[in-house]
Enquirer: 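First the structure, then my questions, so here it is.
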Amino acid sequence: MNRMRPKSIAVFNSNDIYPISADSVVPFEQHRDIFYLSGADQEETILLLFPDAMDKKHREILFVRETNEHIAIWEGEKLTKEKATEVSGIRTIYWLKEFDKVFFDLMTEADTIYFNTNEHYRQAVETRTREDRFILACQQKFPAHQVAKSNPILQEIRGIKEPEELELMQMACNITEKGFRRLLGFVKPGVYEYEIEAELLHEFVRNRSKGFAYPPIIASGNNANVLHYLENNKACMDGDMLLMDVAAEYANYSSDLTRTIPVNGRFTKRQKDVYNAVLRVKNEATKMLVPGTLWAEYHKECGKLMTSELLGLGLLDKADVQNENPEWPAYKKYFMHGTSHHIGLNTHDYGALKTPMKANMVFTVEPGIYIPDEKMGIRLEDDVVIQEKGEPFNLMRNIPIEVEEIEELMNA
Ligand SMILES: [Mn+2]
């Protein structure tokens with residue numbers, strides 16, 4: 001609210017419950033902005049912020065769907081007014097059916113309306129969200145109001161994590177750790193990728209996670225060279241590597257882990273060499289995640305680290321590098337994705353990307369080397385918190401990553 005213009009209102013809507021067909025729906029996932037701002041994890045909820053409201057009780061209002069005994073019996077407990085205050089800290093709670101009237105009245109006091117558009121750098125939304133429908137209706141009804149964007153404010157504040165958020169993210173990482181340790185004793189030649197998925201889900205859910213923070217990638221052999229492989233339906237073969245990009249959510253916060261292990265529990269010399277090259281890039285890249293670093297520059301430096309490792313592995317030669325196209329450097333043949341993204345309430349979270357990094361931003365670090373000719377794709381990924389001073393704090397510091405430790409645990 002401190003960053004809003006004078007005499008302005010901001011409105012945030014819940015996500016819809018998305019239909020499948022007939023009466024089936026996708027399990028509800030709250031829009032992360034209204035969740036971040038209010039803690040309300042329920043459909044058909046609206047948050048309204050109006051710092052200059054003439055009536056002080058209208059500075060913050062949460063509108064929730066009116067609950068009753070019938071809803072309680074069929075759908076379970078929904079937010080009552082008291083419970084909504086308890087969850088959000090907001091004193092003024094109205095039923096949703098009062099929204100139009102209250103909103104019209106407040107809009108007559110306001111000059112500007114903040115709309116919550118989705119400006120995430122990777123967004124590709126084709127459906128019309130509840131937020132989109134609100135914006136269209138509002139523009140029709142209040143054509144003389146000025147319009148402003150909530151998104152840049154949210155990108156900035158959500159990008160820098162509060163201590164409470166870091167605690168929840170650590171919890172998510174700890175649950176992920178339990179899942180990973182469980183599967184180290186489970187993976188062996190002949191196991192199907194989906195069996196590993198089931199082991200992970202079991203461990204996540206019994207630790208009070210809703211499940212995977214994002215669709216799990218469990219990719220043995222050459223499946224690891226399909227970056228967004230989601231089938232998870234092949235048998236893991238003796239001698240192959242197994243790439244797993246799998247992590248738990250906790251309290252709507254994501255963790256994001258990648259580990260690559262040998263199916264039979266022992267790395268070959270070549271597998272170990274490629275693995276350790278990726279690990280060195282990860283460790284060196286992590287050191288660059290300090291306040292002041294620019295995301296774009298960081299990625300250039302990661303490219304240089306990777307180039308030198310690929311030369312060492314004999315995958316590139318000097319001529320490849322000397323003749324490389326600066327727009328698509330030679331290393332991209334084996335490492336074609338980014339090294340880091342913000343992580344938080346969304347796995348690819350909000351956060352400033354064009355201004356220098358700041359303390360308490362949380363980033364993944366996830367270099368990889370993909371060699372289809374050698375039936376191998378190796379990626380390693382941890383989540384780290386930028387510190388005021390010194391190297392970042394690794395939320396996944398306890399999850400095994402060294403070759404020796406992986407081999408020991410797989411053969412215990
Ligand atoms: Mn990631």
Enquirer: Would you call E284 and R280 a salt bridge, using N to O less than 4.0 angstrom?
Expert: no
Enquirer: Short question: side chain of N151, backbone of T117 - any donor-acceptor pair under 3.5 Å?
Expert: yes
Enquirer: Please check this pair: side chain of S8 against backbone of M4, looking for a donor-acceptor N/O pair closer than 3.5 Å.
Expert: no
Enquirer: List the residues meeting side-chain contact (heavy atoms from CB on, under 4.5 Å) with E66, not counting sequence neighbours, and say none if there are none.
Expert: W95, K97
Enquirer: Report the residues that fulfil salt bridge (Lys or Arg N to Asp or Glu O under 4.0 Å) with E249, sequence neighbours left out, ordered by chain and then residue number.
Expert: none
Enquirer: Answer yes if the side chains of E231 and Y194 hold a donor-acceptor pair under 3.5 Å, and no otherwise.
Expert: no
Enquirer: Is a side-chain donor-acceptor pair under 3.5 Å present for T92 with E60?
Expert: no
Enquirer: Would you say the side chains of H341 and Y121 form a donor-acceptor pair under 3.5 Å?
Expert: no
Enquirer: Just wondering, more than 12 heavy atoms not from E388 lying within 6.0 Å of its CD?
Expert: no
Enquirer: Quick one: list whatever passes side chain to side chain donor-acceptor pair (under 3.5 Å) with E109, sequence neighbours left out.
Expert: none
Enquirer: Just by modelled atom types, is the V290 backbone N or O under 3.5 Å from a matching donor or acceptor in the T293 side chain?
Expert: yes
Enquirer: Are a donor atom and an acceptor atom from the side chains of S254 and T347 found within less than 3.5 Å of each other?
Expert: yes
Enquirer: With a cut-off of 6.0 Å (strictly less than), are more than 12 heavy atoms of other residues, nucleotides or ligands near NZ of K210?
Expert: yes
Enquirer: Name all residues meeting the side chain to side chain donor-acceptor pair (under 3.5 Å) criterion together with S209; count only those two or more places apart in sequence or in a different chain, and write none if there are none.
Expert: none
Enquirer: Hey, are R133 and D16 close enough for a salt bridge, meaning a charged N less than 4.0 Å from a carboxylate O?
Expert: yes
Enquirer: Please check: side-chain N/O of N232 versus main-chain N/O of P216, any donor-acceptor pairing under 3.5 Å?
Expert: yes
Enquirer: Who pairs with N325 by side-chain contact (heavy atoms from CB on, under 4.5 Å), at least two apart in sequence or on another chain?
Expert: E327, W328
Enquirer: Can you sort out the partners of F180 under ring pair (Phe, Tyr, Trp, His ring centres under 6.0 Å), two or more places apart, ordered by chain and number?
Expert: none
Enquirer: Please indicate whether K272 has more than 12 foreign heavy atoms, meaning atoms of other residues, nucleotides or ligands, lying under 6.0 Å from its NZ.
Expert: no
Enquirer: Does Y370 have its ring centroid less than 6.0 Å away from the ring centroid of F335?
Expert: no
Enquirer: So for atom NZ, which belongs to K178, do other residues, nucleotides or ligands contribute more than 12 heavy atoms lying within a distance under 6.0 Å?
Expert: no
Enquirer: Considering only distance and modelled atom types, tabulate donor-acceptor pairs under 3.5 Å from the side chains of residues 299-307, sequence neighbours left out.
Expert:
| residue | atom | partner | partner atom | Å |
| --- | --- | --- | --- | --- |
| H299 | ND1 | W295 | O | 3.1 |
| H299 | NE2 | T339 | N | 2.9 |
| H299 | NE2 | S340 | N | 3.3 |
| E301 | OE2 | K304 | NZ | 3.2 |
| T307 | OG1 | G303 | O | 2.7 |

Enquirer: Is it the case that the side chain of N323 and the backbone of D320 share a donor-acceptor pair, with hydrogens and angles ignored and the cut-off at 3.5 Å?
Expert: no
Enquirer: For D55, give me all partners under side chain to side chain donor-acceptor pair (under 3.5 Å), at least two apart in sequence or on another chain.
Expert: K57
Enquirer: Report, as yes or no, whether the 6.0 Å neighbourhood of atom CD on E408 holds more than 12 heavy atoms from other residues, nucleotides or ligands.
Expert: no
Enquirer: Just by modelled atom types, is the D245 backbone N or O under 3.5 Å from a matching donor or acceptor in the E381 side chain?
Expert: no
Enquirer: Under the side chain to side chain donor-acceptor pair (under 3.5 Å) test, which residues partner H348, sequence neighbours left out?
Expert: none
Enquirer: I93 and A84: which non-hydrogen atoms are nearest, and at how many Å?
Expert: CD1-CB, 3.7 Å
Enquirer: Tell me, yes or no, whether the heavy-atom count around E75 atom CD, taken from other residues, nucleotides or ligands under 6.0 Å, exceeds 12.
Expert: yes
Enquirer: Strictly by modelled atom types, are E131 and N118 linked by a side-chain donor-acceptor pair under 3.5 Å?
Expert: no
Enquirer: Short question: side chain of R259, backbone of I399 - any donor-acceptor pair under 3.5 Å?
Expert: yes
Enquirer: Would you please say whether a donor-acceptor pair under 3.5 Å links the side chains of Y214 and D256?
Expert: yes
Enquirer: My understanding is that only residues two or more places apart in sequence, or in another chain, count here; which of them pass ring pair (Phe, Tyr, Trp, His ring centres under 6.0 Å) with F28?
Expert: none
Enquirer: Using the ring pair (Phe, Tyr, Trp, His ring centres under 6.0 Å) criterion, which residues pair with F186? Sequence neighbours excluded.
Expert: none
Enquirer: Can we say E203 and R182 salt-bridge, meaning some charged N sits less than 4.0 Å from an Asp/Glu carboxylate O?
Expert: yes
Enquirer: Within the 3.5 Å criterion, strictly below it, is a donor on T286 or E391 matched to an acceptor on the partner's side chain?
Expert: no
Enquirer: Any carboxylate oxygen within less than 4.0 angstrom of a Lys/Arg side-chain nitrogen, looking at K101 and E98?
Expert: no
Enquirer: Look only at the side chain of T260 and the backbone of R379, and say whether a donor-acceptor pair between them is shorter than 3.5 Å.
Expert: yes
Enquirer: Please state whether the rings of F142 and F104 are parallel, tilted or perpendicular, taking 30° and 60° as the class boundaries.
Expert: tilted
Enquirer: Between F134 and F12, is the gap from one ring center to the other below 6.0 Å?
Expert: no
Enquirer: According to side-chain hydrogen bond (donor to acceptor under 3.5 Å, both in side chains), does anything in residues 31-54 pair up with another residue at least two apart or in another chain? List the pairs.
Expert: E29-R32, D33-N116, D33-R158, D33-Y350, D41-N252, E43-R65, E43-K78
Enquirer: Between E366 and K282, does at least one N-O distance fall below 4.0 Å, as a salt bridge requires?
Expert: no
Enquirer: Are there more than 12 heavy atoms of other residues, nucleotides or ligands under 6.0 Å from atom CZ of R397?
Expert: yes
Enquirer: Examine F63 together with F99 and report whether their ring centres are nearer than 6.0 Å.
Expert: yes
